[in-house]
2 protein chains.
Amino acid sequence: MQNTVIDQRVQLFIETCRRHHLKITPQRVAIYRVLIQSKQHPTADRVFRAVKKEFPNISFDTVNRTLLTFAGIGVVDVVETFGGPKRFDPDITDHHHLHCMACGRIIDFAYEGYARLEVPKTIASTFKVISRRVVLKGLCDACSPKQ
Amino acid sequence: MQNTVIDQRVQLFIETCRRHHLKITPQRVAIYRVLIQSKQHPTADRVFRAVKKEFPNISFDTVNRTLLTFAGIGVVDVVETFGGPKRFDPDITDHHHLHCMACGRIIDFAYEGYARLEVPKTIASTFKVISRRVVLKGLCDACSPKQ
DNA sequence: TCTTAAATAGGATTAATTCTTATTTGTCAA
DNA sequence: TTGACAAATAAGAATTAATCCTATTTAAGA
Ligand SMILES: [Mn+2]
Ligand SMILES: [Mn+2]
Ligand SMILES: [Zn+2]
Ligand SMILES: [Zn+2]
């Protein structure tokens, strides 16, 4: 990702924090920067270890709490998993996920065909739908048995 | 669920166990019976507490290990969650989920419109897709703010 | 029946997350 | 620019979920 693109996203992030009356701390900015540069839907621990390089005595709790705060104001998503630690997604635009059952990778994909997954009337009338996503389980190319 | 229907499913379950050379233990049968009568995608702990009424000194580990064994032979599913303990689904037929963000309920729904979510070619060529599901996040009727 | 590998109970251990508290720091108003 | 103060942080304790270890029991096939 280009530096200018990163800086733009950080700028938007800062504005969102202000709108929610959250203080702009260097820890929060560092965590957000790590997050948007990660391609792997990282766990809190992965983010922690990456941020620690810049902030050697940041605590795990701060990273974890901050990620949950970010999810609360909608700047990141907590993504669906099948057990194990929570995983975070800095891409909050519409997209879908393939979960590799072997290595645990979560691979993003967009697809026109799912563009507007309409919600069945019976559901739409009883539930308030906030987000929708297609979740595929399978094996990624690296994990598929080759022949 | 009718007793005859339950017994039929238990019978099929027993045959599946035999095919996989798993011993038919009273604990396994009891766990399976609890599971197919639960409507709530229970956690291992919930199953444990229910089975404990019948088997007062069954251990949590047995229940948990058994549920994972069942998932291994495909008689139950581990369903997607957004953190927290694993949840199990005895309904292995195609269906979709709505997750209530407020109370944590996972509500099943089937929908013709999603009947065969075709997988984009770019994905199908690189990944082996095992299962597909639409996952909605939202608020259930009980949790939606009434007006 | 007898044998044996598989399964279980119970407790210990590890991993993930959340809580508690003393200290520090952004923010805002003077 | 400087204080006041609520919000945020670090560090460690506590809690919760999952897994491991080991002695004992048991289902299933010979
Ligand atoms: Mn994603
Ligand atoms: Mn279900
Ligand atoms: Zn993989
Ligand atoms: Zn609800």
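Each chain gets a letter, A, B and so on, in the order the sequences are listed, and its residues count up from 1. Being a predicted model, the structure only gives us computed values, none of them experimental.
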Below 4.0 Å: OP1/OP2 of [N] and any side-chain N or O of [X]:
X: B:Gln27; N: C:dA9; answer: yes
X: A:Lys86; N: C:dT18; answer: yes
X: A:Asn64; N: C:dT18; answer: yes
X: B:Thr25; N: D:dT26; answer: no

### Query
Closest to the B:Thr62 side chain: C:dA5, C:dA9, C:dT17?
C:dA9
### Query
Counting side-chain heavy atoms from C-beta on, which of C:dT18, D:dT19, D:dA8 comes nearest to B:Phe60?
D:dT19
[X] [atom1] to [N] [atom2], straight-line distance once rounded to whole Å:
X: A:Phe82; N: D:dA18; atom1: CZ; atom2: P; result: 15 Å
X: B:His20; N: D:dA28; atom1: NE2; atom2: C1'; result: 18 Å
X: B:Leu68; N: D:dC20; atom1: CG; atom2: P; result: 10 Å
X: A:Leu22; N: D:dA6; atom1: CG; atom2: P; result: 17 Å
X: A:Ile24; N: C:dT24; atom1: CD1; atom2: C1'; result: 18 Å
X: B:Asn57; N: D:dT25; atom1: CG; atom2: P; result: 12 Å
X: A:Phe55; N: D:dA8; atom1: CZ; atom2: P; result: 16 Å
X: A:Arg28; N: D:dA8; atom1: CZ; atom2: C1'; result: 6 Å

### Task
Taking all non-hydrogen atoms of both residues into account, name the closest pair between B:Ile31 and B:Thr62 and its distance.
CD1-O, 4.3 Å
### Task
Supply the atom-to-atom distance B:Phe60 CZ to B:Arg65 CZ, rounded to the nearest 0.5 angstrom.
11.0 Å
### Message
Can you tell me if A:Gln37 has over 12 outside heavy atoms packed within less than 6.0 Å of its CD?
### Response
yes
#### Entry: Residue mapping more 5' on DNA chain D - nearest nucleotide basis, B:Gly84 or B:Lys23
B:Gly84
## Note on the structure
Per nearest nucleotide of DNA chain D, the residue lying toward the 5' end, B:Asp45 or A:Asp61, is A:Asp61
With a 4.0 Å cut-off on heavy atoms, is [X] in touch with a base, just the backbone sugar-phosphate, or nothing at all?
X: A:Leu67; result: nothing
X: A:Arg65; result: base
X: A:Pro26; result: sugar-phosphate

### Task
By nearest nucleotide on DNA chain C, pick out whichever of B:Val63 and B:Gly83 is the more 5' one.
B:Val63
### Task
If the plane angle is over 60° it's perpendicular, under 30° parallel, otherwise tilted; pick one for B:Phe13 and B:Phe70.
perpendicular
### Query
Between A:Phe82 and A:His99, what is the ring plane arrangement, given parallel below 30°, perpendicular above 60°, and tilted in between?
perpendicular
